[in-house]
> 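Sharing a structure below in structure tokens format, with a few things to ask.
Naming: A, B, ... by sequence-line order, numbering from 1 per chain.
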Amino acid sequence: MLDPKIIKDNPQRIRDMLKARAVEFNLDELVESDQKRRDLILKTDEMRKKKNQVAIEISQKKKSGDDISPSLAEMKNISGELAKLESLQGEIEKKYSNLALTIPNLIHESVPIGKDETANIEIKKWGTIPKFDFKINDHIDISANLDLVDLERAAKVAGARFYYLKNDLVRLNQSLIHYALDFLAEKNYSLVQPPYMINRQSMEGAIIADDFEEVIYKIDNEDLYMIGTSEHAMAAMRSDEIIEGKDLPLRFAGVSPCFRKEAGAHGRDQKGIFRVHQFDKIEQFVFARPEESWKEHERMLSVAEEFYQKLEIPYKVMLLSSADMGKVSAKTYDIEAWMAGQNAYREIVSCSNCLDYQARRLKIRFRDKTNEETQYLHTLNSTLVATSRVLVSIMENFQTNDGHIVIPKVLQKYMGKNII
RNA sequence: GCCAGGUUAGCCAAGUGGAACGGCGGCCGUCUCGAAAACGGCUACGCGCAAGCGUGCAGGGGUUCGAAUCCCUUACCUGGCGCCA
């Protein structure tokens, strides 16, 4: 949610953002309902004032023994009028908030304006792309040859885009998780394993309702949704709270499975474990003071970069364009890792600053002293590692001539071996 | 799942149909060379330039001229019973 003051005072700023994001949105309707809303608040407040006055009158008359029937009649009249005004106001408020909750976030000035991902800007490249003197395989063939993944039976049991991990790939997956947690704990992140299902209100705090259908699984007959990432549960973790300023920034390492419908992805990455309905992810999530959030954003990116440098996976950093970013983010970097079997860089990390957008929806505020005005804080999130994709990269980049996989050095002690 | 008791402001907490007691913590002021103590004010949210007005007693609904208070309902918390890895 945006600051309502911007809707009132600077709608042009929102209009520019909508254009840059290429998002359809009826801003005029929002501005109009906002104005109506304010007018109605004034009117109902006035009516309530009258009501309070008459209530006091009745109370006093009763004490002094005066006749209260004229006041009762007046009160009845006022209550009727008030009920009408209140229901009208309720309607308008609902219309307003439905609209207000679907406006995307503002865009940071450094974000390139463009109509799709072709406007993304490459910020840097790290590492040397591995060269092979033999014909290489992709992760699907490698994992089939080494009996590491069973896609057919997963399809039978759960459907397409599911998988059974098997044998040493289970251990490699756990090793990645274990290493990632050690890596962030070392940097003083607090480890959190969140609920994997959260209620609607929490989910709506973290994402825009429109995106529900495409991404989020719902539990039948329960007010519960499977998290698409621990970000959803971590953001809502501090909802309705006022955090002490001295505790900021709060840096969390969330570890959880992620569940995604991938509804719009028909035909893309159809095979293998690159694009799947369920994967494990270790996430950086930060609650920060507004004046520090851009610094934190860069910091999170560099933490993620360091992780891939340690894993010796070549990558490049992309600054996403206005139309390619998520709606809650004001600025997003992606890290794309080299995947030898596809001869391409593919997205593995998304690092976003959401400013106060989620904090407003979730009412997460802070202040330094208890009598001070509260302020919305800023939330940021970045993948550290989404394991399934990094497994793909490791399998493809570290494959050997005779069909095995060399374990990256930093993972060897977790695996207890150096080759699969 | 059943039964009982709860949910009031940053924290604690009173209030069982008629204007939200009080305390703690915090901020400002008076006093002081300075501080402490004492005293006074402020300390949830909305609208408003402001004065001010309104809202707010877990959420939603109802009864009533009037609801923190009575009724229904949902969520959560604490016990007890049941079930259970």
> Mind checking who B:G82 pairs with, Watson-Crick or G-U wobble, both distances under 3.5 Å?
none
> How close or far is atom C1' of B:G54 from atom CD1 of A:Ile78, stated in whole angstroms?
15 Å
> So if I take every side-chain heavy atom of A:Arg365 and compare against B:C45, B:A67, B:C53, which nucleotide ends up nearest?
B:C45
> How far does the P atom of B:A44 sit from the matching atom of B:C31, given to the nearest Å?
27 Å
> Taking atom C1' in both B:U73 and B:U7, compute the distance separating them and give it to the nearest angstrom.
16 Å
> Pick the P atom in B:G41 and in B:C33, then give their distance to the nearest Å.
25 Å
> May I ask you to check whether A:His108 and A:Trp294 place their ring centres under 6.0 Å from each other?
yes
> Whom does B:U63 pair with, Watson-Crick or G-U wobble, provided both distances fall under 3.5 Å?
none
> Would you mind pulling out the nucleotide paired to B:A44, Watson-Crick or G-U wobble, both distances under 3.5 Å?
B:U55
> Could you measure the distance from the CG atom of A:Leu248 to the CZ atom of A:Arg367? Nearest 0.5 Å is fine.
13.0 Å
> Tell me whether the centres of the aromatic rings in A:Phe307 and A:Tyr179 are closer together than 6.0 Å.
yes
> Find the distance A:Met47:CE to B:G46:P and express it as a whole number of Å.
24 Å
> Please report the distance, rounded to the nearest Å, between CD in A:Glu222 and C1' in B:A75.
13 Å
> Give the nucleotide from the list B:A67, B:C47, B:A19 with an atom nearest to the side chain of A:Leu42.
B:C47
> Please check if any side-chain donor atom of A:Thr44 sits under 3.5 Å from a side-chain acceptor atom of A:Glu86, or the reverse.
no
> On a whole-Å scale, what distance lies between the C1' atoms belonging to B:C11 and B:G25?
7 Å
> Write down the distance between CG (A:Leu85) and C1' (B:G46), rounded to a whole number of angstrom.
17 Å
> How long is the line joining CD of A:Glu86 and C1' of B:G54, in whole Å?
11 Å
> Need the pair for B:G29. Rule: Watson-Crick or G-U wobble, both distances under 3.5 Å, any strand; none if unpaired.
B:C39
> Strictly by modelled atom types, are A:Tyr225 and A:Glu222 linked by a side-chain donor-acceptor pair under 3.5 Å?
no
> Can you tell me how far P in B:A14 sits from the matching atom in B:U32, rounded to whole Å?
41 Å
> Between B:G18 and B:C53, how far is it from one P atom to the other, in whole Å?
23 Å
> Run the salt-bridge test on A:Asp138 and A:Lys271 with the 4.0 Å N-O cut-off and return the result as yes or no.
no
> Please figure out whether A:Ala55 or A:Arg37 has its closest RNA chain B nucleotide nearer the 5' end.
A:Ala55
> Rounded to the nearest Å, what distance is computed from the CG atom of residue A:Asp223 to the P atom of nucleotide B:A75?
10 Å
> So which nucleotide does B:G5 pair with, by the Watson-Crick or G-U wobble rule with both distances under 3.5 Å?
B:C77
> Between B:C47 and B:C2, how far apart are the C1' atoms? Round to whole Å, please.
48 Å
> Assess the side chains of A:Tyr414 and A:Asp182: does a donor N or O sit below 3.5 Å from an acceptor N or O?
yes
> If each of A:Lys49 and A:Ser79 is mapped to the nucleotide of RNA chain B with the nearest heavy atom, which maps nearer the 5' terminus, i.e. the 5' end?
A:Lys49
> Have a look at A:Lys8 and say if it touches a base, only the backbone sugar-phosphate, or nothing, with a 4.0 Å heavy-atom cut-off.
sugar-phosphate
> Is a donor-acceptor contact shorter than 3.5 angstrom present between the side chain of A:Asn52 and the base of B:G54?
no
> Please give the distance between the P atoms of B:A19 and B:G66 as a whole number of Å.
15 Å
> Tell me yes or no: between the side chains of A:Thr379 and A:Gln358, is some donor less than 3.5 Å from an acceptor?
yes
> Tell which nucleotide pairs with B:C21, taking only Watson-Crick or G-U wobble pairs whose two distances are both under 3.5 angstrom.
none
> Tabulate protein N/O versus nucleotide N/O from nucleotides 9-17 of chain B, keeping only pairs under 3.5 Å, one per line.
{"residue": "B:G10", "atom": "O4'", "partner": "A:Arg367", "partner atom": "NH2", "Å": "3.1"}

> In whole angstroms, how far is the P atom of B:C45 from the NZ atom of A:Lys363?
12 Å
> Using a strict threshold of under 4.0 Å (side-chain N to carboxylate O), is an ion pair present between A:Arg251 and A:Glu296?
yes
> Distance check: side-chain N/O of A:Arg48 vs OP1/OP2 of B:C53, anything under 4.0 Å?
no
> Paired with B:C49 by Watson-Crick or G-U wobble geometry, both distances under 3.5 Å: which nucleotide is it?
none
> Nearest whole Å is fine: how far is B:C47 P from A:Tyr96 OH?
9 Å
> What does A:Thr44 touch in the nucleic acid at a heavy-atom separation under 4.0 angstrom: a base, only the sugar-phosphate, or nothing?
nothing
> Just call it for A:Ile58: base, sugar-phosphate, or nothing, with non-hydrogen atoms closer than 4.0 Å on any strand.
base
> With a 4.0 Å cut-off on N to O distance, would you call A:Arg289 and A:Asp368 a salt bridge?
yes
